[in-house]
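Following: one structure in structure tokens, then a few remarks.
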Amino acid sequence: MHAERYNPRESETKWQQLWEQRETFRSRNDDPRPKYYVLEMFPYPSGRIHMGHVRNYAMGDVVARYRRAKGFNVLHPMGWDAFGMPAENAARLNKSHPGTWTYANIATMRGQLKSMGLSLDWSREIATCDPSYYKHQQGMFLDFLKAGLVDRKKSKVNWDPVDQTVLANEQVIDGRGWRSGALVEQRELTQWFLKITDFSQDLLDSLDTLDRWPEKVRLMQKNWIGRSEGLLVRFRIDPATAPAGESELEIYTTRPDTLFGARFMAVAPDHPLAAKAAESNPELAAFISECRRMGTSVATLETAEKKGFDTGVRVAHPFDPDWKLPVYVANFVLMEYGCGAIFGCPAHDQRDLDFVNAYGLGNVPVVCPAGQDPSSFTVTDVAYDGDGLMINSRFLNGMTIAQAREEVSKRLETTDIGGAPQAKRQVNFRLRDWGISRQRYWGCPIPIIHCESCDVVPAPKESLPIELPHDVQLDVNGNPLDHHPTWKHVACPNCGRPARRETDTMDTFVDSSWYFARFTDPWNAEAPTDKAVADHWLPVDQYIGGIEHAILHLLYSRFFTRAMQATGHLGLSEPFKGLFTQGMVVHETYRMADGAWVQPSEIKIETVGGTRHASLLEGGAEVAIGAVEKMSKSKRNTVDPDDIIGTFGADTARWFMLSDSPPERDVIWSEEGVQGASRYVQQLWRLIGEIAGIAAPVGASAPSDMSQKATAVRRLTHGHLLRVQENIERLRFNTAIAEIRKLSNGLSEAIGAVEEAGVDAGLAFALREGGDVLVNLFAPMMPHLAEECWQALGHDTPIAEAEWPLADAALATNDTVTLPIQINGKKRAEITVDRSADNATVETAVLALEAVQKALDGKAPKKIIVVPQRIVNVVA
RNA sequence: GCGGACGUGGCGAAACUGGUAGACGCAAGAGACUUAAAAUCUCUCGGGACUCCCGUGCGGGUUCGACCCCCGCCGUCCGCACCA
């Protein structure tokens, strides 16, 4: 019997249990069907899932269920990005262990994800904090070390004073730590680095092959890698001014063409020449240490004025030994990029221009824009960095920038000073090696032992995993691992003498740089991957996650895949074939008169005279409705997925998340929207009940003669089937949903007509087909309702295991088409003609139309454009 | 400063490859059913001077035809930012 109302609470758990029993979503590595790997970025187990997760996983699940129905062997796994600071902070607060907190959160969140009805293969679940996972990460670190992909060096690092740890460049946002928000300081420390820069060129070039990635993400990575082509040039130091032992200064430039516009040289405060010059110049030394003080905070660097100090050192211009240039120490020159030294051409570089204007060094333009008179062209406050012809540049005069660049490079390359060419072409990258040392407890230990006699010794592979000690004291200043009484003390694997373990742990972004590969064979105790299995499943066909990982996680994973390829763990270099970055979930904000934020669940909204008013549920106090913003705890505009699923069911939540907004854009969560989705759930349930009552039985074949009405229903069904399919494949979930609604509206209308006319065999067949197809179409979005409807329609195996219906393209198209008729580009009439009608026939018909006759007023048309099956335009 | 994206009804949006602008929904309004409410059903819903005209941020252009292509503005959002 078909119940009046669909009860999601009862149905959803019932079907979830059935899928689990039947192992419907288990994927097998030896399945012969073509593979499809769908992955959503795995969550950090922070405590509870939020609406952003619901959106992300709902999208992934549509893709997974659709591909499964299409006959693919789908891999759709889930895991936990489980190492990280919050666990440590929570443990310190609760006087417990980070692992306890983390695993409790995982249990809660696993339950929540299961209540969403996601078609995940839970048998492959992994947590990165589990020794069975990080054992292999340590193994790979050793492999990378052997392959020369790891470096240990002293370097200036970003230090987060709140989290008390080092951050990678990618993790510093606007001069602040990405997690703590604290102003980042510069410190000098010995660190472990993964040599991502070994792959700079390849990481850049291969971006072009990622044609199923958003253009935006590729561009961001391209800028981050920051390739530039330039010239290394050695300048001779005037012996009369040279500090002891110094004879030349090497600089990097991308504008060798502007060499005759040089006014000064500048070196970074950390440059060796600066230090040398400062030895005999206390004022300079003071300036350098002032720069260093300023430099401790990245934020102050950005706003700092351009400052410099003349070292007294003079260098000779490469093309004129008598032309001497002063060497400054300048606060805007970075030691980390190029040579830490530049030549300044103020006329064509804004930064250099600001500098000379502050120190009165003047400028000489050497590039003249087209249309400007070379003899009068001057630069004052705005540097000219556009195209033009060379001026004031001796043998370069009259050349284009490109010609001048080539000429200078060629001349200096072939000039010998001190037994080596004066210049060398060089490609530089902005990308830095990835510093992975973190002074934290809750991370993957770096498998290294420091021995006084043997120096740095890799831990033997047999000793892996090097597990974190459970008995840890977290409320200490600095690294808890370092403070542990016994953990770090071990015998040197080489000489057997007392040695100590590396107490730094790895950046948690290492953990997430290869989890997608681990999912292919998570049971493997011997190795991180089984190469054959991983190569079978990878690359991920569709990866879905937030844009915030455009650089960090996505670049690291691309590097890691290459490193795993180099060490024999994988046979490919690009991990993610298709990438989709979804928008955020946003919500209105609400505030009391005193400025306190109020949660959506605490208020009610009424519309009075067209305007919406909010008031507190308790007490009825007036609440101001504020801007729509990203859901956040601080603005208290969050909605708990559990509440929504408890009240409306998972299907309603999933449907609403996918409807309305295009998936890459932000979606506004609204109570009205959820109710609309919920109403539609009931509407579908009623419609399917009605169809079940009059449709032909399951498996009935098409009767030989079809009424017009029946054919119309079939046309409707197949047309929408085609369009939904296409929209899902393009991840246009919002338009797929619009098409589904059109189909259900159409079927509903057809049934309304049946009541008067009765149902013939053809229509019964068409309704059977239409009802079945409709359920198939919404099954990826609302899987529980779909199961219930599928059963109501008389099927006895779950729709989750059913094949996608086959669209009949011929059926989807009508024999006749209705063409809009334009006169001078404005629509004036319509005409219905045979689909196959030729242009002449259409023209004749169009000219006979009353509206056309009237517009032409007896005259012949100037022109008639007939676009077959599209439109007709008559030019009067 | 550099780079990118976007701008369409009261709202979220749709419109293929240059071919009927506003599909599908939300909100709103009117009506039916009901003792009543909810639910459900039917209708209206860009604007106007309503056979017609105007309308996709603004101003131009290309075209038989422009939300879509080109040029110039304005606005919003995002990313990077002393990178030599």
Side-chain angles (χ1 to χ4, degrees), chain A residues 4-5 173-175 214-217 219-220 222-224 226-228 230-231 251-255 258 266 268 298 301-306 330-334 336-345 349-352 354-355 382-383 385 428-431 547-548 550-551 607 609-612 628 656 659-662 664-668 670-677 679-680 682-683 686 723 726 730 732 734-742 745 752 818-830 851 854 861-867 869-876:
Chain A
E4 187 79 4
R5 278 185 74 78
I173 292 151
D174 292 334
E215 188 59 41
K216 182 185 170 74
V217 174
L219 200 76
M220 280 166 73
K222 188 181 166 203
N223 291 338
W224 188 264
R227 184 184 197 271
S228 74
L231 203 63
I251 59 101
Y252 178 72
T253 178
T254 56
R255 294 293 303 271
T258 63
V298 178
L301 246 181
E302 279 168 20
T303 50
E305 261 176 69
K306 312 245 169 316
N331 65 345
F332 62 87
V333 180
L334 308 173
E336 294 79 35
Y337 189 81
C339 306
I342 60 162
F343 86 82
C345 174
D349 182 297
Q350 190 60 48
R351 195 194 38 199
D352 295 346
D354 294 345
F355 186 78
V382 182
D385 60 1
N428 257 350
F429 293 93
R430 214 188 71 114
L431 186 67
I547 186 80
E548 67 273 18
I551 295 172
T607 307
T611 36
R612 297 164 70 244
V628 172
F656 176 54
S659 51
D660 267 12
S661 295
E664 69 279 5
R665 235 179 275 180
D666 292 350
V667 65
I668 303 171
S670 71
E671 181 66 18
E672 294 86 353
V674 186
Q675 262 157 12
R679 271 202 301 275
Y680 188 59
Q682 298 300 339
Q683 199 179 313
R686 281 192 304 273
R723 283 189 287 275
E726 196 194 303
R730 293 170 55 209
R732 307 283 300 169
N734 56 327
T735 46
I737 280 177
E739 292 297 332
I740 291 172
R741 292 188 94 125
K742 279 188 223 173
N745 289 348
T818 300
L819 301 177
I821 310 304
Q822 295 182 333
I823 294 165
N824 296 328
K826 305 252 183 217
K827 189 197 163 192
R828 285 292 176 267
E830 267 181 5
K854 205 174 129 193
K862 283 199 189 114
K863 205 173 180 183
I864 301 180
I865 290 115
V866 180
V867 185
Q869 300 177 28
R870 265 277 148 78
I871 200 165
V872 181
N873 193 9
V874 180
V875 186

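Because the structure is predicted, anything quoted here is derived from the model rather than measured. Side-chain atoms are counted along with the backbone in the values below, which use heavy atoms only and exclude waters and symmetry mates. Each chain gets a letter, A, B and so on, in the order its sequence line appears, and its residues count up from 1.
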Quick check for you: among [options], whose closest atom lies nearest to any side-chain atom of [X]?
| X | options | value |
| --- | --- | --- |
| A:Val867 | B:G19, B:U20, B:U40 | B:G19 |
| A:Ile668 | B:U20, B:C24, B:G12 | B:G12 |
| A:Arg679 | B:A84, B:U40, B:G12 | B:U40 |
| A:Pro820 | B:U20, B:A13, B:C24 | B:U20 |
| A:Lys306 | B:U20, B:C82, B:A23 | B:C82 |
| A:Leu334 | B:A23, B:G19, B:A84 | B:A84 |
| A:Asp660 | B:A14, B:G12, B:C83 | B:G12 |

Inter-nucleotide [atom1] distance ([N], [M]), Å rounded:
| N | M | atom1 | value |
| --- | --- | --- | --- |
| B:G57 | B:C80 | P | 29 Å |
| B:G10 | B:C58 | P | 14 Å |
| B:C68 | B:C16 | P | 12 Å |
| B:U42 | B:A49 | P | 31 Å |
| B:U62 | B:C43 | P | 46 Å |
| B:G22 | B:G47 | C1' | 13 Å |
| B:G72 | B:A27 | P | 44 Å |
| B:C24 | B:U76 | C1' | 27 Å |

Any [X] side-chain N or O less than 4.0 Å from OP1/OP2 of [N]:
| X | N | answer |
| --- | --- | --- |
| A:Tyr337 | B:A84 | yes |
| A:Arg665 | B:A14 | yes |
| A:Arg351 | B:C83 | yes |
| A:Lys216 | B:A5 | no |
| A:Asn223 | B:C83 | no |
| A:Asn734 | B:G25 | no |

Would you mind classifying the nucleic acid contact of [X] as base, sugar-phosphate or nothing, using non-hydrogen atoms under 4.0 angstrom?
| X | answer |
| --- | --- |
| A:Glu672 | sugar-phosphate |
| A:Lys827 | base |
| A:Arg227 | nothing |
| A:Thr735 | sugar-phosphate |
| A:Asn428 | nothing |
| A:Leu219 | sugar-phosphate |
| A:Arg741 | sugar-phosphate |
| A:Val333 | base |
| A:Asp354 | nothing |
| A:Val875 | sugar-phosphate |

Whole-Å gap separating [atom2] ([N]) and [atom1] ([X]):
| X | N | atom1 | atom2 | answer |
| --- | --- | --- | --- | --- |
| A:Glu739 | B:A14 | CD | P | 13 Å |
| A:Phe656 | B:C11 | CZ | C1' | 12 Å |
| A:Asn873 | B:U63 | CG | P | 15 Å |
| A:Leu431 | B:A81 | CG | P | 12 Å |
| A:Arg430 | B:C82 | CZ | P | 8 Å |
| A:Ile547 | B:C80 | CD1 | C1' | 13 Å |
| A:Asp385 | B:A81 | CG | P | 20 Å |
| A:Glu336 | B:A84 | CD | P | 14 Å |

A:Gln682/A:Arg5 under side-chain contact (heavy atoms from CB on, under 4.5 Å): CA gap, chis, key distance, verdict
CA-CA 6 Å; A:Gln682 298 300 339; A:Arg5 278 185 74 78; 3.6 Å; yes

Have A:Ser659 and A:Tyr680 got a donor and an acceptor in their side chains that come within less than 3.5 Å?
no

Syn if the chi torsion is within 90° of 0, anti otherwise; quick check, which is B:G9?
syn

When syn is taken as a glycosidic angle within 90 degrees of 0, is B:C50 syn or anti?
syn

Flag the pair A:Glu726 and A:Arg723 as a salt bridge only when some basic side-chain nitrogen lies within less than 4.0 angstrom of an acidic carboxylate oxygen.
no

All stems that RNA chain B takes part in, i.e. 3 or more consecutive Watson-Crick or G-U pairs with distances under 3.5 Å, are B:1-7 with B:74-80, B:10-12 with B:24-26, B:28-32 with B:40-44, B:46-48 with B:52-54, B:57-61 with B:69-73

Full working for side-chain contact (heavy atoms from CB on, under 4.5 Å) between A:Thr258 and A:Phe343
CA-CA 10 Å; A:Thr258 63; A:Phe343 86 82; 3.6 Å; yes

Taking the nucleotide of RNA chain B with the nearest heavy atom to each, does A:Ala341 or A:Val874 sit closer to the 5' end?
A:Val874

With heavy-atom distances below 4.5 Å as the criterion, would you say the side chains of A:Ile865 and A:Val872 are in contact?
no

Which atom pairs link the protein and nucleotides 53-56 of chain B when you take only N or O atoms and keep those under 3.5 Å?
from: B:C53; atom 1: OP1; to: A:Arg828; atom 2: NH2; distance (Å): 3.2
from: B:C53; atom 1: OP2; to: A:Arg828; atom 2: NH2; distance (Å): 3.2

